[in-house]
Amino acid sequence: MTTRVIIVDDQAMVRAGFAALLAAQSDIDVVGDAPDGVQGVALSRRTHPDVVLMDVRMPEMDGLEAARQLLAPPAGVTHRPKVLMLTTFDVDDYVYEALRAGASGFLLKDAPPADLISAVRVVAAGEALLAPSVTRRLIADFARSGPVARKGRPALRLNGLTPRETEVLELIARGLSNVEIADALIVAEQTVKTHVSRVLAKLDLRDRAQAVIFAYESGLVSPGER
């Protein structure tokens with residue numbers, strides 16, 4: 001199955017370079033590119049890509065607002081692509097907001113070519129692009145600069161989880177991979193995958209990226225805890 005991709009970035013050389021790299025892959029089809037968020041949203045509405053590579057900072061409309069429009073479309077628009085944020089910084093306030101809006105992760109623009117290709121495939125498959133090492137750094141900075149955990153409705157949603165599912169969510173939020181969670185809980189990796197899928201479904205979350213944010217905002221995990 002071919003993954004359809006569009007690239008939204010205000011730098012022409014970045015768009016051209018990424019497009020050439022991705023188009024060379026037999027399972028990826030670059031169906032267009034745009035120089036800003038306004039044109040990126042319009043292009044996505046026309047071409048219905050599976051994945052949108054979205055720059056964070058752009059003129060006219062930044063990547064954050066564009067991601068919001070794509071991931072929470074108006075009535076009558078049913079297409080919702082996966083959005084992968086592109087940034088020159090490993091930690092960026094805009095990235096946190098994009099994750100809350102439903103983006104599937106972020107990638108540094110200077111990442112190796114193999115990482116870009118892998119990122120598109122990972123996100124297209126429905127996973128979050130938050131490798132354990134990256135997740136831990138993201139969590140550390142989110143804990144320092146993110147909003148205080150909110151009680152109320154997010155916390156109440158935790159009541160729908162079983163004790164084991166709650167435990168799995170906590171370990172996801174601490175940056176553990178499925179393999180590491182399986183080792184910690186002494187269960188099979190496939191069992192962990194099943195728990196993760198149920199957690200995402202019960203909490204109406206798109207992927208692990210949103211699960212990390214939810215765990216902090218619900219108060220399940222607090223900044224500074226280990």
Side-chain angles (χ1 to χ4, degrees), residues 51 54 64 67-68 70-72 80-85 87 90-107 118-119 121-185 187-226:
V51 177
M54 182 77 72
L64 173 58
R68 285 173 175 153
L70 291 178
L71 296 169
R80 289 205 310 171
K82 303 293 194 308
V83 176
L84 177 61
M85 305 303 295
T87 178
D90 59 353
V91 175
D92 188 303
D93 288 342
Y94 281 89
V95 172
Y96 300 131
E97 293 303 321
L99 292 177
R100 293 188 190 97
S104 295
F106 71 96
L107 182 72
S118 175
R121 290 171 176 158
V122 166
V123 169
E127 297 292 331
L129 187 69
L130 290 176
S133 61
V134 175
T135 304
R136 291 180 183 118
R137 187 171 67 246
L138 178 65
I139 289 170
D141 282 85
F142 178 78
R144 288 195 295 270
S145 61
V148 176
R150 295 191 301 235
K151 303 298 182 180
R153 294 183 64 187
L156 289 175
R157 287 166 64 189
L158 289 171
N159 294 337
L161 302 182
T162 66
R164 178 47 60 93
E165 289 166 352
T166 301
E167 192 173 13
V168 168
L169 175 58
E170 181 177 352
L171 293 176
I172 291 173
R174 298 191 188 289
L176 273 66
S177 66
N178 284 349
V179 172
E180 291 171 327
I181 293 174
D183 289 342
L185 300 180
V187 297
E189 183 181 357
Q190 185 57 48
T191 300
V192 173
K193 291 181 179 179
T194 299
H195 285 313
V196 171
S197 295
R198 288 174 178 169
V199 167
L200 298 181
K202 286 184 176 182
L203 297 177
D204 193 26
L205 303 173
R206 288 169 62 91
D207 50 39
R208 295 172 83 101
Q210 283 199 316
V212 171
I213 299 299
F214 179 89
Y216 274 93
E217 295 193 333
S218 68
L220 176 64
V221 178
S222 299
E225 286 185 355
R226 296 296 178 188

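Interatomic distance, M85 CE to L107 CG, rounded to the nearest 0.5 Å: 11.5 Å. The structure places NE2 of H195 at 6.0 Å from OG1 of T191, a figure rounded to the nearest 0.5 Å. To the nearest 0.5 Å, atom CG of residue N178 and atom CD of residue Q190 are 9.0 Å apart. Atom NZ of K193 is separated from atom CD1 of I181 by 12.0 Å, given to the nearest 0.5 angstrom. To the nearest 0.5 Å, atoms OG (S218) and CG (L203) are separated by 8.0 Å.
For E189, the salt bridge (charged side-chain N to carboxylate O under 4.0 Å, His left out) test picks out no residue, with sequence neighbours left out. When the salt bridge (charged side-chain N to carboxylate O under 4.0 Å, His left out) test is applied to R121, the partners found at least two apart in sequence or on another chain are D27. Taking L200 as the reference, V196, L205, A211 meet the side-chain contact (heavy atoms from CB on, under 4.5 Å) condition, with sequence neighbours excluded. Partners of R198 under the side-chain contact (heavy atoms from CB on, under 4.5 Å) rule, at least two apart in sequence or in another chain, are E165, T194. Residues that satisfy the side-chain contact (heavy atoms from CB on, under 4.5 Å) test with S197, not counting sequence neighbours, are absent from this structure. Taking the side-chain hydrogen bond (donor to acceptor under 3.5 Å, both in side chains) definition, one finds that R80 meets it with nothing, sequence neighbours left out.
V192 is not listed as a side-chain neighbour of L171, based on a closest heavy-atom distance of 4.5 Å or more. Looking at L176 and D183, their side chains never come closer than 4.5 Å, going by heavy atoms from C-beta outward. Side chains of L161 and V168 form no contact here, defined as non-hydrogen atoms less than 4.5 Å apart. By the 4.5 Å heavy-atom criterion applied to side chains, L185 and R164 are counted as neighbours. Proximity of F214 to L158: side-chain heavy atoms (C-beta onward) are separated by under 4.5 Å at one or more points.
The two residues L71 and G102 have their closest heavy-atom pair at CD1-C, 3.2 Å. The shortest heavy-atom contact between V83 and A67 is CG1-CB, 4.2 Å.
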Would you please test V122 and K82 for side-chain contact (heavy atoms from CB on, under 4.5 Å) and show each step?
CA-CA 10 Å; V122 166; K82 303 293 194 308; over 6 Å; no
